[in-house]
Amino acid sequence: MVENLRLENRDTLHQKVCSILRKAILQGEFKPGERLKQSDLADSIGVSRMPVREALRKLESEGLVVLEPHKGAIVKSIQVEDILEIYELRSQLEKMAVELSVEKLKDEDVEQLKNLVVKMESTNEVDEFVYTNIEFHQLLIKYCPWKRLLKFIETLWNGFPQDTPQILTGQIDKSNQEHRAILEAVLIKDNVKASKLVSNHIKRTGTMLVQKLQDGQADK
């Protein structure tokens with residue numbers, strides 16, 4: 001069983017359990033084909049079985065595990081093609097959404113974006129960065145009028161995007177630089193520039209994640 005799976009903060013329990021397990025799968029601590037027993041995971045993390053069960057259902061929807069009757073959760077192999085697809089779609093769809101939204105941002109929204117950027121730059125807590133990063137991206141597309149587009153983006157946000165700061169070395173520093181540039185474009189109300197910067201930001205993360213997984217596979 002994987003070491004160091006203790007959980008300190010018990011807020012949003014199943015989300016944190018999900019993040020812990022997702023990270024372990026993406027980093028190869030759980031191998032493809034390995035069976036994940038709810039009771040063992042619950043003991044290792046220090047929670048009841050309920051949040052573990054909810055987390056495994058979430059991971060199944062993300063394609064990281066498959067739930068089989070009488071066997072429990074089985075870890076699936078991660079396909080590089082899936083990551084390429086997810087990040088290419090995100091880069092294109094969020095580019096569209098940001099371009100449609102930025103011009104409609106209110107003064108209080110822009111102030112909130114500033115505060116979020118400062119918060120991401122100053123925090124030493126990875127979890128806090130992750131949640132603030134999600135809030136930043138969601139605020140950028142807040143006023144996109146295309147509801148179907150927003151639904152597509154929400155689906156793509158499940159899984160890999162949330163946990164890259166815990167997986168990729170230097171991801172937080174690179175993201176902070178990119179977030180600051182995006183904010184500067186928002187401040188001058190250049191929705192086209194802001195949308196291109198968001199798109200490049202997402203593509204860069206996807207490229208780094210693919211390289212990380214390929215390096216891990218090459219080491220085996």
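Computed from a prediction, not measured in an experiment: that's the story for all the values here.
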Tell me whether [Y] is reachable from [X] by hopping between hydrophobic residues (I, L, V, M, F, W, Y) whose side-chain heavy atoms are closer than 4.5 Å.
| X | Y | result |
| --- | --- | --- |
| Leu150 | Trp146 | yes |
| Leu59 | Met50 | no |
| Phe30 | Val80 | yes |
| Ile134 | Leu156 | yes |
| Leu197 | Leu187 | yes |

Using only atom types and a distance under 3.5 Å, with no angle test, would you say the side chain of [X] pairs donor to acceptor with the backbone of [Y]?
| X | Y | result |
| --- | --- | --- |
| Thr123 | Lys119 | no |
| Ser101 | Leu140 | yes |
| Lys189 | Val186 | no |

Hey, could you give me the [atom1]/[atom2] distance between [X] and [Y], rounded to the nearest 0.5 Å?
| X | Y | atom1 | atom2 | value |
| --- | --- | --- | --- | --- |
| Glu60 | Glu68 | CD | CD | 9.5 Å |
| Tyr87 | Thr207 | OH | OG1 | 10.5 Å |
| Asp43 | Lys37 | CG | NZ | 10.0 Å |
| Arg148 | Ile153 | CZ | CD1 | 14.0 Å |
| Asp109 | Lys106 | CG | NZ | 6.5 Å |
| Ile20 | Gln15 | CD1 | CD | 12.5 Å |

Item to check | Glu108 atom CD: more than 12 heavy-atom contacts under 6.0 Å | outcome: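 More than 12 heavy atoms, drawn from other residues, nucleotides or ligands, come within 6.0 Å of this atom.
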Next on the checklist: How about CZ on Phe152, more than 12 heavy atoms from neighbouring residues, nucleotides or ligands closer than 6.0 Å, or not?
Outcome noted: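 Atom CZ in Phe152 is not packed in, count stays at 12 or less.
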Next on the checklist: Restricting to side chain to side chain donor-acceptor pair (under 3.5 Å), what partner residues turn up for Glu85, sequence neighbours left out?
Outcome noted: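 Side chain to side chain donor-acceptor pair (under 3.5 Å) check on Glu85 returns nothing, list empty.
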Compare every heavy atom of [Y] with every heavy atom of [X], then report the nearest pair and how far apart it is.
| X | Y | answer |
| --- | --- | --- |
| Leu100 | Leu149 | CD1-CD2, 4.5 Å |
| Val52 | Val47 | CG2-CG2, 3.7 Å |
| Arg35 | Lys71 | NE-O, 2.6 Å |
| Glu29 | Glu34 | O-OE1, 4.2 Å |
| Glu99 | Asn191 | O-ND2, 2.9 Å |
| Ala55 | Leu21 | CB-CD1, 4.4 Å |

Ion pair [X]/[Y], N-O distance below 4.0 Å:
| X | Y | value |
| --- | --- | --- |
| Glu154 | Lys151 | yes |
| Arg204 | Glu178 | yes |
| Lys58 | Glu54 | no |
| Glu184 | Lys193 | no |

With side chains defined as the heavy atoms from C-beta onward, is the minimum distance between [X] and [Y] less than 4.5 Å?
| X | Y | result |
| --- | --- | --- |
| Val102 | Tyr143 | no |
| Lys76 | Pro32 | no |
| Lys31 | Val75 | no |
| His201 | Ser175 | yes |
| Thr205 | Leu168 | yes |

Checklist entry - Just one of Glu128, His179, Gln138 clears the side chain to side chain donor-acceptor pair (under 3.5 Å) bar with Asn133, so which one? => result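 Filter result, single survivor: His179.
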Next on the checklist: For Ile45 and Val17: C-alpha separation, side-chain torsions, deciding distance, then whether side chain to side chain contact (heavy atoms under 4.5 Å, CB included) applies.
Outcome noted: CA-CA 8 Å; Ile45 300 172; Val17 171; 3.9 Å; yes
Checklist entry - Under 3.5 Å, is there a donor-acceptor pair between the Gln112 and Glu135 side chains? => result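 Distance-only check passes for Gln112 and Glu135.
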Next on the checklist: Do Ser77 and Gln79 pair up side chain to side chain, a donor and an acceptor below 3.5 Å, judged on atom types alone?
Outcome noted: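 Indeed, the side chains of Ser77 and Gln79 share at least one donor-acceptor pair under 3.5 Å.
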Next on the checklist: Between Val117 and Glu121, is the side chain to side chain contact (heavy atoms under 4.5 Å, CB included) condition met? List the steps.
Outcome noted: CA-CA 6 Å; Val117 167; Glu121 290 173 341; 3.6 Å; yes
Next on the checklist: Before you tell me yes or no, could you show the steps for Arg57 and Leu67 under side chain to side chain contact (heavy atoms under 4.5 Å, CB included), namely the whole-Å CA-CA distance, both residues' side-chain angles and the distance that decides it to 0.1 Å?
Outcome noted: CA-CA 8 Å; Arg57 289 195 190 112; Leu67 298 178; 4.1 Å; yes
Next on the checklist: Checking side chain to side chain contact (heavy atoms under 4.5 Å, CB included) between Thr164 and each of Lys212, Gln171, Met208, which is the one that passes?
Outcome noted: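 Going through the options one by one, the only one that passes is Gln171.
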Checklist entry - Where do Trp157 and His137 land on the side chain to side chain contact (heavy atoms under 4.5 Å, CB included) test, with the steps shown first? => result CA-CA 10 Å; Trp157 258 91; His137 279 266; 3.6 Å; yes
